Structures are given as structure tokens and as C-alpha cells.
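Here the structure is laid out as C-alpha cells; the discussion comes afterwards.
To find a chain, count down the sequence lines: A is the first, B the second, and so on, and within it residues start at 1. Keep in mind that this is a model prediction, so the values were computed, not measured. All values below were derived from every heavy atom in this structure, side-chain atoms included, with hydrogens, water molecules and symmetry-related copies excluded.
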Number of protein chains: 2
Amino acid sequence: MTCVSEYSPQLHALGFRTTSQRMTILHVLRHAGGHLSPKQVYDLACREMPSLTEPTIYRTLEFLAENGLVLAAHVGNGKIVYELSNGNHHHLICRNCGRSLEIEHAPLQKLYRQLESSTGYKLDSSHVTFFGLCPGCQ
Amino acid sequence: MTCVSEYSPQLHALGFRTTSQRMTILHVLRHAGGHLSPKQVYDLACREMPSLTEPTIYRTLEFLAENGLVLAAHVGNGKIVYELSNGNHHHLICRNCGRSLEIEHAPLQKLYRQLESSTGYKLDSSHVTFFGLCPGCQ
DNA sequence: TGAACTATTGTAAAAACTTGCAATAAGGAT
DNA sequence: ATCCTTATTGCAAGTTTTTACAATAGTTCA
Ligand SMILES: [Mn+2]
Ligand SMILES: [Mn+2]
Ligand SMILES: [Zn+2]
Ligand SMILES: [Zn+2]
């Protein structure tokens, strides 16, 4: 499945345009496979499309996150990282060594339902980050 | 209880120094009472101590957070805000209108224990932010 | 009290991120 | 295929955050 054939219809269905900038950024995220900072996305994307500019990177990543094509994670020190959105998951990060663990959404289900019923908010389940100390660092 | 008499011993006990910059920043956070961005802290703190500089604000806020005197919250778009640490709590923020709700730690207790036993990590319970849509915005 | 040690701060400059606006180009209509 | 509309991008300048290093000022100890 090529990036264009996969993401172009999604964008079109939402009423947005298919641009080479967006395709390049999505391609970079898909190929990298993990969490990337805007700077990392910029550096990688510039290799494929040297005319890309920083404002476009920041705007596009935010745009893609708002529309569910990528996931934003607020790790550590308030820096944002992005990744292609493949299923709901969360993260557990060691404050000391940075080692990070992926957590399924399942164990959070009950909590989410409980919070929804007690607050009236409708939660979206994306990408919570928990902090702690890993076994090695305790 | 004055700021100096309250926080100076805490800093000292941790092996750090009492400085007028730290006292001013803590005083600002205590007086304001809610979440403040570094810029807001800077503006308020400068009124009391005009010689304060931005690097000091950023460094001090991070320092105080690392040592448990203030709490950092990673709200919305990856911006960090700070507040005096008064008891564990979490936040629930509406993605649409920004309306925010404070959540007790109690409902998360069970989840935390479950994650701890399944991952081996020792979680610290500070300041998770959940997102969703408030009743009015759904 | 005063010197010594060094944690902490200010300075200057860089890097990361944002903003407003004019130029471009994607998608729909003719 | 060409024109039109306007969403999207690039540009230029601003703001925020970080960094490296020299100057300052808490604290300890004589
Ligand atoms: Mn993730
Ligand atoms: Mn809070
Ligand atoms: Zn660790
Ligand atoms: Zn709302």
C-alpha cells in the first residue's frame, strides 16, 4: 500500500487536499515507524523534498494530528513527538533513564468509562504518558 | 506561613541553596494559585524582581519540578505549565473549548497498581492530562 | 567576621517554534 | 484543456526556549 493510495482518500474524505508536502511527511513517519520530533521529521523530509520549510512541518504535523492521521505524544519535558496513528496505545516512561514502554488501551478502558460517567466528558483515548521509575532505576 | 520559612528548609534539606530568585518564583506561583506558563511566571516575577532573566525562569521551574516543590503539567499542544504542588491531582481538558476539570488521584489508584505489577515500573502519580469533549462541546 | 568553595545566575547567542501575509497550486467547474 | 476559487505553502520576521560560559552570591568553616 503506497502512501498516496492510503492517505489521499482519507484526506479527501475529510474535505482536504492531497499535497506533496503532506505525502512526504506521512511517508517519513511511516518509514521511521516510531516517535519523531518535528526537527527529525524536518530533517528526514527535506531529503525527499528539499523545498520543505519549518512552518509547513509544524503546521502539517498539527493538522494531521487534529484529523487523526498521526498521533501526538507529550513526552517528558513538554516536547511533542509524532507517529503514524496505528491503534490506540499509551506510554510509560522512566524519569531516570528514559526507557519507555508501550501500554495497551485495554487496561484503561474501565477508568475511561468511569471518568466519562462521573464528569460528563467524552474522552478520546489517545496517547497518555505515564511516568515512573523502571525496574533498573528504582 | 511565609514563602521563605516554608520553602527554604525544604530546599536546604535537599542540599540546595535559598536564593531570592527561587523565593520570588515560588511566591508568584503560590499567590497565583493555578497553572502558569513560564512567560506568565516571568512577567509576574519581574514585577517583584526586575533583574530576573528568562533562562533563570526556565531553569528554576524545571529545577523546582524535579525536586517536587512544583508540579509541571503538559497541557494541550505540548506547552508546559507549572503550579505549586498541593496534593496529587490530574486534569481533564476539552479539546474544543479548553474547559478543564480537576480529577482526584483516587480513581486512578487501581490502574496505577495494576500497571505497576504488570510492568515492574514504580509509577509516580503526578499530573496526568486526559483529553476529550466537555458536555457542551459534544 | 571573612576567605574559600562551588551552586546558581546573567549574558550573549543560537535553536526551536510561531505568526501574518503574499504567492502558489490542488480540485472543481466550464 | 483552461479558468476560478481558495486551501495550502513559503517567506520574513517575531517570540519562545535552550545553551555555553563567565560573573555572582549562598553556605561552610576557620
Ligand atoms: Mn506512541
Ligand atoms: Mn494541576
Ligand atoms: Zn530507568
Ligand atoms: Zn468544551
Side-chain angles (χ1 to χ4, degrees), chain A residues 3-5 7-28 35-46 48-67 69-70 72-82, chain B residues 3-5 7-28 35-46 48-67 69-70 72-82:
Chain A
C3 281
V4 175
S5 67
Y7 302 116
S8 185
Q10 293 188 47
L11 288 170
H12 191 265
L14 293 164
F16 299 114
R17 296 180 182 178
T18 302
T19 68
S20 55
Q21 290 86 347
R22 286 172 180 168
M23 289 307 118
T24 302
I25 289 170
L26 285 165
H27 183 266
V28 160
H35 290 174
L36 292 183
S37 70
K39 179 66 164 39
Q40 290 174 306
V41 173
Y42 177 70
D43 289 341
L44 291 167
C46 275
E48 303 185 13
M49 188 181 180
S51 62
L52 262 176
T53 63
E54 275 114 339
T56 297
I57 297 287
Y58 287 102
R59 279 182 302 218
T60 301
L61 288 171
E62 190 180 349
F63 162 83
L64 293 171
E66 274 171 1
N67 291 285
L69 292 164
V70 312
H74 306 271
V75 256
N77 46 0
K79 297 300 181 185
I80 314 191
V81 294
Y82 294 90
Chain B
C3 281
V4 175
S5 65
Y7 302 117
S8 185
Q10 293 188 47
L11 288 170
H12 191 264
L14 292 164
F16 300 113
R17 297 180 181 178
T18 302
T19 68
S20 54
Q21 290 87 345
R22 286 172 180 169
M23 289 307 119
T24 302
I25 290 171
L26 285 164
H27 183 265
V28 160
H35 291 174
L36 292 183
S37 70
K39 180 66 163 39
Q40 291 175 307
V41 173
Y42 176 69
D43 289 342
L44 290 167
C46 274
E48 303 185 13
M49 189 183 181
S51 63
L52 262 175
T53 64
E54 277 111 338
T56 298
I57 297 288
Y58 286 100
R59 278 182 302 217
T60 302
L61 288 171
E62 190 181 348
F63 163 83
L64 293 171
E66 273 171 0
N67 291 286
L69 293 165
V70 311
H74 306 272
V75 257
N77 45 1
K79 297 298 183 187
I80 315 190
V81 294
Y82 294 90

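Closest approach to the A:Thr60 side chain among D:dT9, C:dG10, C:dG27 is made by D:dT9 (side chain taken as heavy atoms from C-beta onward). Which of D:dT16, C:dG10, D:dT9 sits closest to the side chain of B:Lys39 comes down to D:dT16. For A:Phe16, taking side-chain heavy atoms from C-beta onward, the closest of the listed nucleotides D:dT8, D:dT17, D:dC21 is D:dT8.
Between A:Ile57 atom CD1 and D:dC11 atom P there is a gap of 14 Å when expressed in whole angstrom units. Rounding to whole angstrom units, CD of residue A:Glu54 and C1' of D:dA12 are separated by 13 Å. Rounded to whole Å, the distance from CG on A:Asp43 to P on C:dA16 is 9 Å. Here the C1' atom of nucleotide D:dT15 and the NZ atom of B:Lys79 are 9 Å apart, to the nearest Å. Summarising the geometry, the separation between CG on A:Leu61 and C1' on C:dC17 is reported as 12 Å, rounded to the nearest angstrom. Remark: P of C:dT11 and CG of B:Leu52 are 11 Å apart, rounded to the nearest angstrom. The distance from atom CG of A:Asn67 to atom C1' of D:dT8 is 14 Å, rounded to the nearest whole Å. When the C1' atom of D:dA7 is taken as reference, atom NE2 of A:His12 falls 13 Å away, rounded to whole Å.
Mapping A:Arg59 and B:Arg59 onto DNA chain D by nearest heavy atom places A:Arg59 at the nucleotide closer to the 5' end. Mapping B:Arg22 and A:Pro55 onto DNA chain C via the closest heavy atom, the residue that lands nearer the 5' end is B:Arg22.
Look at A:Tyr58 and you'll find a side-chain N or O under 4.0 angstrom from OP1 or OP2 of C:dC17. Contact annotation: B:Thr19 reaches the phosphate of C:dT9 (side-chain N/O to OP1 or OP2, under 4.0 Å). Residue A:Thr53 has no polar side-chain atom (N or O) positioned under 4.0 Å from OP1 or OP2 of D:dC11. Within the 4.0 Å cut-off from OP1 or OP2 of D:dT9, not a single side-chain nitrogen or oxygen of A:Thr56 is found. Between B:Gln21 and D:dA25 there is no side-chain polar atom (N or O) within less than 4.0 angstrom of OP1 or OP2.
Of all heavy-atom pairs between A:Tyr42 and A:Thr53, the closest is CE1-C, 3.8 Å. Minimum interatomic distance between A:Met23 and A:Tyr7 (heavy atoms only, all atoms of both residues): CE-CB, 4.2 Å. Shown here for A:Ser20 and A:Met49, the closest heavy-atom pair between the two residues is OG-CE, 3.3 Å.
When heavy atoms are screened at a 4.0 angstrom cut-off, A:Phe63 is found touching no nucleic acid atom at all.
Side-chain N/O atoms of A:Arg17 and base N/O atoms of C:dG28 include no donor-acceptor pair closer than 3.5 Å.
Proximity of a side-chain donor or acceptor of A:Arg22 to a complementary backbone N or O of A:Arg17 within less than 3.5 Å is detected. Distance alone, capped at 3.5 Å, places no donor-acceptor pair between the A:Thr56 side chain and the A:Leu52 backbone.
In the helix from C:dT1-D:dA30 to C:dT30-D:dA1, the rotation axis of the first five pairs and that of the last five pairs differ in direction by 30°, rounded to 10 degrees.
Within a 6.0 Å radius of CD in B:Gln21, more than 12 heavy atoms belonging to other residues, nucleotides or ligands are found. For A:Gln40, the CD atom counts as densely surrounded, since its 6.0 Å shell holds more than 12 non-hydrogen atoms of other residues, nucleotides or ligands.
Under the rule for a ring-ring contact (aromatic ring centres under 6.0 Å, His included), the partners of A:Phe63 that lie at least two apart in sequence or sit in another chain are A:Phe16.
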